[in-house]
S.K.: 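The structure's right below; bear with me while I get my questions together.
Any value given below was found using the heavy atoms of this structure, including those in side chains, with hydrogens, waters and symmetry copies removed.
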Amino acid sequence: MNLRTSSRRAFTLIELLVVISIIAILASLAVPAVTGALSRGQLTGSLNNARQLQLATQTMALDSFTTGEGPGWPGDSGDGWGAFCQNLVDGKYLTESDVRKISSAPGVNIAPEEFPPSKSGLQVYSVKENDPGDAIFVSTYNWTGFAEITPDAVPYGDKGFVIFRKAGDGGVYQARQATSQALGNSTLAAGIAPKP
């Protein structure tokens, strides 16, 4: 009986180490790109939430202006975040679940039964009917004004921030753009939303 010996060759230790090293290098290059894309996606979500809040508020303000009844922009009533949310819901401009969804963001936890939310990923400013269109209406909490962003503030820290204006334009900005020169000379009123 003739036994044939197998001539299959196994990988050497050096070959395995080279392959593992190449995989480790590729993974180290991919992780920052993936986390950056995730942060950009989350910031875009906050921008969409700010846009939805601005549209609902603008509709409420237009209704108030044409009928002379009900609340308008948040600065016109001056009643605070809770009353502002309740006005949007009472006027059927948003539902309670819409307000909770808009208020949420990474790093901000809102109890499902809590309405109006006591925490928010967005800061709403006390703009009034007669404020210019470039007045800042809403921003993310990590933006502290024209000078800087807060690196450890939720949401987003120093990954970027969102600004949305009364007229309906807004954007996602990088940390280095948190200056008055980059954002323009918009009016900034005191915020009415609670800090998360």
S.K.: In Å, rounded to the nearest 0.5 Å, how long is the span from CG of L17 to CD1 of I22?
M.R.: 11.0 Å
S.K.: Within a radius of less than 6.0 Å around CG of L26, do more than 12 heavy atoms belonging to other residues, nucleotides or ligands occur?
M.R.: yes
S.K.: Going by the rule side chain to side chain donor-acceptor pair (under 3.5 Å), which residues pair with T57 if we only count those two or more places apart in sequence or in a different chain?
M.R.: none
S.K.: Using the test side chain to side chain donor-acceptor pair (under 3.5 Å), find all partners of D158 that sit at least two apart in sequence or belong to another chain.
M.R.: none
S.K.: If the condition is side chain to side chain donor-acceptor pair (under 3.5 Å), which residues does S139 pass it with, not counting sequence neighbours?
M.R.: Y125
S.K.: Mind checking what makes side chain to side chain donor-acceptor pair (under 3.5 Å) contact with D90, not counting sequence neighbours?
M.R.: Q86
S.K.: Evaluate whether atom CG of N109 has more than 12 neighbouring non-hydrogen atoms of other residues, nucleotides or ligands under 6.0 angstrom away.
M.R.: no
S.K.: So, for P116 and C85, which heavy atoms are closest and what is the spacing to 0.1 Å?
M.R.: CB-CB, 3.8 Å
S.K.: Search all heavy atoms of S64 against all heavy atoms of G70 and return the closest pair with its distance.
M.R.: OG-O, 2.9 Å
S.K.: Please name the pair of heavy atoms, one in I110 and one in K119, separated by the smallest distance, quoted to 0.1 Å.
M.R.: CD1-O, 3.4 Å
S.K.: In chain order, what residues pass the salt bridge (Lys or Arg N to Asp or Glu O under 4.0 Å) check against E113, with sequence neighbours excluded?
M.R.: none
S.K.: What's the verdict on side chain to side chain donor-acceptor pair (under 3.5 Å) for Q52 and K101, showing C-alpha distance, side-chain angles and the deciding distance?
M.R.: CA-CA 10 Å; Q52 186 178 1; K101 180 188 80 75; 3.3 Å; yes
S.K.: Please name the pair of heavy atoms, one in V108 and one in G121, separated by the smallest distance, quoted to 0.1 Å.
M.R.: CG2-CA, 3.8 Å
S.K.: Rounded to the nearest 0.5 Å, what separates atom NZ in K159 from atom CD1 in I149?
M.R.: 11.0 Å
S.K.: What pairs with E96 under salt bridge (Lys or Arg N to Asp or Glu O under 4.0 Å), at least two apart in sequence or on another chain?
M.R.: R100
S.K.: The criterion is side chain to side chain contact (heavy atoms under 4.5 Å, CB included); which residues satisfy it with A37, sequence neighbours excluded?
M.R.: R40
S.K.: Any chance you could pull the hydrophobic cluster mates of I25, using side-chain heavy atoms under 4.5 angstrom and chaining through other members?
M.R.: L29
S.K.: Please round to the nearest 0.5 Å and tell me the distance separating atom OG1 of T59 and atom CD of Q54.
M.R.: 8.5 Å
S.K.: Suppose clustering is done on Ile, Leu, Val, Met, Phe, Trp and Tyr with side-chain heavy atoms closer than 4.5 Å. Which residues sit in the same group as L43?
M.R.: L47, L53, M60, W73, W81, F84, L88, V89, Y93, L94, V99, I102, F115, L122, V124, V127, F137, V138, Y156, V162, F164, V172, I192
S.K.: Between Y173 and R165, what is the shortest heavy-atom contact and its length?
M.R.: OH-NH1, 3.5 Å
S.K.: Check side chain to side chain contact (heavy atoms under 4.5 Å, CB included) between S21 and all other residues, then give those that pass, not counting sequence neighbours.
M.R.: none
S.K.: Check side chain to side chain contact (heavy atoms under 4.5 Å, CB included) between T150 and all other residues, then give those that pass, not counting sequence neighbours.
M.R.: T144, D152, A153
S.K.: Is N142 reaching over with its side chain to a backbone N or O of G160, donor-acceptor style, under 3.5 angstrom?
M.R.: yes
S.K.: When clusters are formed from ILVMFWY side-chain contacts under 4.5 Å, directly or step by step, what else is grouped with I23?
M.R.: V19
S.K.: Going by atom types only, do S46 and N49 share a side-chain donor-acceptor pair under 3.5 Å?
M.R.: no
S.K.: Can you tell me if K166 uses its side chain to pair, donor with acceptor, with the backbone of E129 under 3.5 Å?
M.R.: yes
